[in-house]
Amino acid sequence: MKKFLIKVTTSVISYGLLALLIYGSLTESASLVGVAAAAYWVIVVLGLCVGMLILIVSYVIPGEKDEQKKLKLLAIIQDSVKKRNPILRGISWIFFITIIALLAYSGWVFTAVSYALSALIVKFMFSIARGNVSEITA
């Protein structure tokens, strides 16, 4: 139930933020786009921190001596870096491109570039962590 509520909350926030960005861009409301851009800066910073944390933990797991703690960390990392089905990945890429295009269209080009680079870096970190986890489980 806890995971479900977290997923619903993050989905509502991300869709709401995208809707705010779309509405602000279409109505040319600089204040609404500014709020959305500030929120995307928070997402950039949090994404990089979480990505780095997951990557570090994926390297630390093999050295963990306590087997129960090792399995718990492994389960957390596996849940974080698992691949979604192709339809959801396609939808997330469409949202990703839409966010970047709308930020750039609204004049927040540096924010759009920073968001794109940080998202790709986080995807790369998750890919490395996924490889580390698959080596541990194999």
Shortest non-hydrogen contact from V109 toward A104: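 Smallest interatomic distance, heavy atoms only, reads CG2-O, 3.9 Å.
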
What distance do [X] atom [atom1] and [Y] atom [atom2] have between them, rounded to the nearest 0.5 Å?
{"X": "Y23", "Y": "L18", "atom1": "OH", "atom2": "CG", "answer": "15.5 Å"}
{"X": "Y15", "Y": "T10", "atom1": "OH", "atom2": "OG1", "answer": "9.0 Å"}
{"X": "L103", "Y": "S114", "atom1": "CG", "atom2": "OG", "answer": "10.0 Å"}
{"X": "S25", "Y": "L32", "atom1": "OG", "atom2": "CG", "answer": "9.5 Å"}
{"X": "I22", "Y": "L17", "atom1": "CD1", "atom2": "CG", "answer": "10.5 Å"}

Could you go through residues 129-138 and list every donor-acceptor pair under 3.5 Å that involves a side-chain atom there, pairing it with any protein atom two or more places apart or in another chain?
from: R130; atom 1: NE; to: V81; atom 2: O; distance (Å): 2.7
from: R130; atom 1: NH2; to: V81; atom 2: O; distance (Å): 3.1
from: N132; atom 1: ND2; to: S58; atom 2: OG; distance (Å): 3.0
from: S134; atom 1: OG; to: R130; atom 2: O; distance (Å): 3.4
from: S134; atom 1: OG; to: G131; atom 2: O; distance (Å): 2.8
from: T137; atom 1: OG1; to: V133; atom 2: O; distance (Å): 3.2
from: T137; atom 1: OG1; to: S134; atom 2: O; distance (Å): 3.2

Is [Y] reachable from [X] through a run of I, L, V, M, F, W or Y residues, each pair having side-chain heavy atoms under 4.5 Å apart?
{"X": "L55", "Y": "L117", "result": "no"}
{"X": "I91", "Y": "L21", "result": "yes"}
{"X": "V57", "Y": "F124", "result": "yes"}
{"X": "I13", "Y": "V50", "result": "no"}
{"X": "I43", "Y": "M52", "result": "yes"}

Within 6.0 Å of CD1 in I6, more than 12 heavy atoms from elsewhere: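 Enclosed: over 12 neighbouring heavy atoms sit under 6.0 Å from CD1 of I6.
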
Test log, rule side chain to side chain contact (heavy atoms under 4.5 Å, CB included), inputs M125 and L48: CA-CA 9 Å; M125 284 191 252; L48 289 173; 4.1 Å; yes

Where at least one partner belongs to residues 74-90, residue pairs that pass salt bridge (charged side-chain N to carboxylate O under 4.0 Å, His left out), sequence neighbours excluded: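 Pairs touching residues 74-90 that pass the test: K3-D79, D79-K82.
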
Members sharing L71's hydrophobic cluster (side chains within less than 4.5 Å):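 Grouped by the 4.5 Å side-chain rule, L71 forms a cluster of one, so the answer is none.
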
side-chain contact (heavy atoms from CB on, under 4.5 Å) involving V35 - partner list, sequence neighbours excluded: L20

Residue pairs involving residues 27-55 (criterion ring-ring contact (aromatic ring centres under 6.0 Å, His included); sequence neighbours excluded):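 Found Y40-Y115, W41-F110.
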
Close side-chain approach of I77 and I61, heavy atoms under 4.5 Å: yes

Pairwise side-chain contact, Y59 with I128, heavy-atom cut-off 4.5 Å (strictly under): yes

Under the side chain to side chain donor-acceptor pair (under 3.5 Å) test, residues paired with S80 that sit two or more places apart: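 With neighbours one apart ignored, the set is empty.
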
Main-chain N/O of K123 paired to S127 side chain as donor or acceptor, under 3.5 Å: no

Worked verdict on V122 versus I54 for side chain to side chain contact (heavy atoms under 4.5 Å, CB included): CA-CA 10 Å; V122 168; I54 286 176; over 6 Å; no

